[in-house]
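Everything on this sheet refers to the single structure shown next.
Note that ligands are numbered from 1 as they come in the structure, with each ligand's atoms numbered from 1 the same way.
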Amino acid sequence: MADLVKSFGPVGGEVFGGGYLTWMRSAATNYTQQCSAWTPSPSLVCALRDLAMFETWRRKGYSRLSDKDCIRHTRRRRIRSHGISRLKGNILRKQPLEDSKSMDVGQRRWWFMILEEAHCTPQQAAAAHLFAHAVTLQPPMASACDRLRYLKAFDDTKAGVKGLIDAGITTVPAIFRHPPDTLARAHDEDRFAIPVIDLAGVTTAPSRRAELVAEVKAAAETVGFFQVVNHGVPGPVMSEMLAALRSFNEEPAEARRPYYSRDGQSRVRYHSNFDLFRSPAANWRDTLYLDMAPTGPSPGEIPAACRGIAVEFTREVQRLGGTLFELLSEAMGLHRGFLEQHEAGCLEGLSVVGHYYPASPQPHLTMGTSRHTDPSFLTVLLQDIGGLQVLHRQRNDEQPVWVEVPAEAGAFTVNVGDFLQLLSNDRFRSVEHRVLSKSVGPRVSVACFFRPHGAAAAARVCAPILVGDGAASPPRYRSVTVEELIVHYRDKALDGTSMLDHYRI
Ligand SMILES: O=C(O)CCC(=O)C(=O)O
Ligand SMILES: [Fe+2]
């Protein structure tokens with residue numbers, strides 16, 4: 001088998017090769033071992049028969065099968081066979097069913113159902129898993145070593161995902177493919193909307209101020225996200241910043257390459273996936289980081305496309321941040337300057353992070369940004385088109401659902417970051433969110449992270465605030481420097497866990 005895997009290599013494996021066979025065999029073995037008492041159901045038998053058949057094809061000398069072959073083969077067998085197509089009614093269809101999810105394979109859209117393990121027998125679950133992988137043509141890399149080679153080759157291009165698009169790629173390479181369970185797109189459209197807070201009158205109308213504090217408090221304590229309008233940042237400054245980032249990413253690769261770096265000390269750095277070598281699957285996204293405060297880069301260090309606007313945009317967002325931290329201080333039962341003056345340095349630093357999400361040829365196989373919480377006190381985000389989703393639980397006993405954050409013209413999205421959750425001793429919530437990959441695009445967003453960097457981060461300390469409304473609670477976290485939090489976040493990668501768990505008492 002090892003030789004077989006080698007002979008397919010990462011490229012063959014990417015379509016339908018050794019990696020896929022290895023995966024299928026080990027999945028089948030695992031399931032069979034876990035449930036040694038079963039008699040395999042017809043559907044599992046069917047999946048296993050496929051496994052055997054792919055091996056036969058391989059022995060006949062196919063070293064690489066086209067997507068079309070795979071789809072044709074998979075479809076014919078599944079629909080004809082009495083196995084999977086009978087599970088819970090229908091699993092693979094050209095038409096949607098209630099609860100079914102869609103997925104584009106090649107040029108076609110398929111609708112299928114992922115069976116919840118709780119609702120079906122283990123055999124059905126096993127078969128459904130095998131099947132979901134067959135449909136998505138989602139093979140793992142042949143080996144960790146091949147994956148690393150491919151990641152390195154991609155990183156060495158210093159041209160990001162945009163470089164792959166420019167090279168005419170028509171499928172999503174394996175390093176960007178995510179496991180199907182993390183790709184589920186279902187979201188709640190009707191039941192909940194992210195609150196929109198109108199900041200008009202925040203400094204001029206004292207009667208409005210108390211209402212605003214209450215609105216910010218409610219949002220920070222529940223969904224962790226809200227949008228703000230009438231925030232005072234001029235519309236042209238917002239649109240110019242988005243346009244500048246788009247221009248930077250759409251310049252020839254040679255112009256972007258000098259900025260390509262993974263050196264966290266550098267105040268200006270451009271790369272694809274900060275956690276490229278640590279995360280289980282890469283995201284379909286490139287990013288330009290500008291660490292603007294407390295000590296920003298000199299204008300000459302900023303790429304020419306963003307040079308003028310980045311400084312003006314930063315100034316405006318810092319002013320908005322000042323207003324938001326005042327409201328949050330009051331929402332904690334403290335005086336309005338409390339968070340700004342706090343030793344954690346909430347307002348001292350600002351990283352302006354420009355994301356560029358190219359349109360994806362197979363959006364259902366990858367992610368724009370994997371689910372995560374933010375390594376910041378507060379994040380103020382600007383997006384040009386939608387794609388951002390927030391994981392929201394309406395009540396504690398309910399399953400959380402993904403809620404869209406619509407791209408409201410002129411609005412900023414604001415969310416509580418991990419550091420503020422720590423400071424507020426869990427009263428304010430840093431909530432998981434993600435960005436879907438889409439066939440439309442590019443999508444550009446600017447995430448402004450309030451957090452210090454460099455020497456300032458080493459000097460700043462976060463610990464739960466136990467005065468104001470927090471006076472009665474025992475601390476839930478130990479104290480930690482901002483630098484330690486940032487390093488821990490980077491090392492951990494976007495693996496779906498919260499970095500705060502590490503500091504919980
Ligand atoms: O691009 C977006 O809308 C969100 C990006 C994000 O969540 C982040 O940078 O932390
Ligand atoms: Fe985020």
Open item on the list: Could you check whether R315 pairs with E312 (Lys NZ or Arg NE/NH1/NH2 to Asp/Glu carboxylate O, under 4.0 Å)?
Closed with: no

Task: ligand 1 N/O within reach of T369 N/O, cut-off under 3.5 Å - done: no

Open item on the list: Suppose you place the vertex at the Fe ion (ligand 2); what is the angle out to H433 NE2 and H372 NE2, to 10°?
Closed with: 90°

Task: Atom indices of ligand 1, in the order listed, that fall short of 4.0 Å to a heavy atom of H372 - done: 6 (C), 7 (O), 8 (C), 10 (O)

Task: Parallel, tilted or perpendicular, as decided by the 30° and 60° cut-offs, for the rings of H335 and F338 - done: perpendicular

Open item on the list: Checking one value in my table: which N/O/S atom of D374 lies closest to the Fe ion (ligand 2)?
Closed with: OD1

Open item on the list: Whether the side chain of R285 engages the backbone of H355 through a donor-acceptor N/O pair (distance < 3.5 Å, no angle test) should be reported.
Closed with: no

TODO: Give the numbers and elements of all ligand 1 atoms closer than 4.0 Å to a heavy atom of F449.
DONE: 8 (C), 9 (O), 10 (O)

Open item on the list: Under 4.0 Å, counting heavy atoms only: does R434 come that close to any atom of ligand 1?
Closed with: no

Task: E240 side chain near F313 side chain, heavy-atom distance below 4.5 Å - done: no

Task: Any N or O of Y357 closer than 3.5 Å to N or O of ligand 1 - done: yes

Open item on the list: Check D426 with R476, please: is the shortest side-chain N to carboxylate O separation under 4.0 Å?
Closed with: yes

TODO: Sort out for me which residue in F419, F449, F428 forms a side-chain contact (heavy atoms from CB on, under 4.5 Å) with F377.
DONE: F419

Task: Side chain, backbone, both or neither: the part of L381 lying under 4.0 Å from ligand 1 by heavy atom - done: side chain

Task: Atom pair CZ (R208) and CD (E215), whose distance is rounded to the nearest 0.5 Å - done: 4.5 Å

Task: Contact atoms of ligand 1, heavy-atom distance to V435 under 4.0 Å - done: 1 (O), 2 (C), 3 (O), 4 (C)

- [ ] Measure from the side-chain N and O atoms of N415 to the backbone N and O of G224, and report whether any donor-acceptor pair falls under 3.5 Å.
- [x] no

Open item on the list: Need the ligand 1 atom indices (1-based, order shown) with element for anything under 4.0 Å from a heavy-atom of S445.
Closed with: 1 (O), 2 (C), 3 (O)

Open item on the list: Can you report which non-hydrogen protein atom sits closest to atom 9 (O) of ligand 1, along with the distance?
Closed with: H355 NE2, 2.6 Å

Open item on the list: Using heavy atoms and a 4.0 Å limit, tell me yes or no: is V353 in contact with ligand 1?
Closed with: no

Task: For A447, the ligand 1 atoms whose distance to one of its heavy atoms is below 4.0 Å - done: 9 (O)

Open item on the list: Would you say N425 and S473 are linked by a side-chain donor-acceptor pair, where the criterion is simply a distance under 3.5 Å?
Closed with: no

Open item on the list: In the structure I gave you, are the side-chain heavy atoms of L378 and C346 within less than 4.5 Å of one another anywhere?
Closed with: no

Open item on the list: Under 4.0 Å from a heavy atom of H433: which atoms of ligand 1 are those, numbered in the order shown and with their elements?
Closed with: 7 (O)

Task: Nearest-contact summary for atom 3 (O) of ligand 1 - protein heavy atom, Å - done: R443 NH2, 2.8 Å

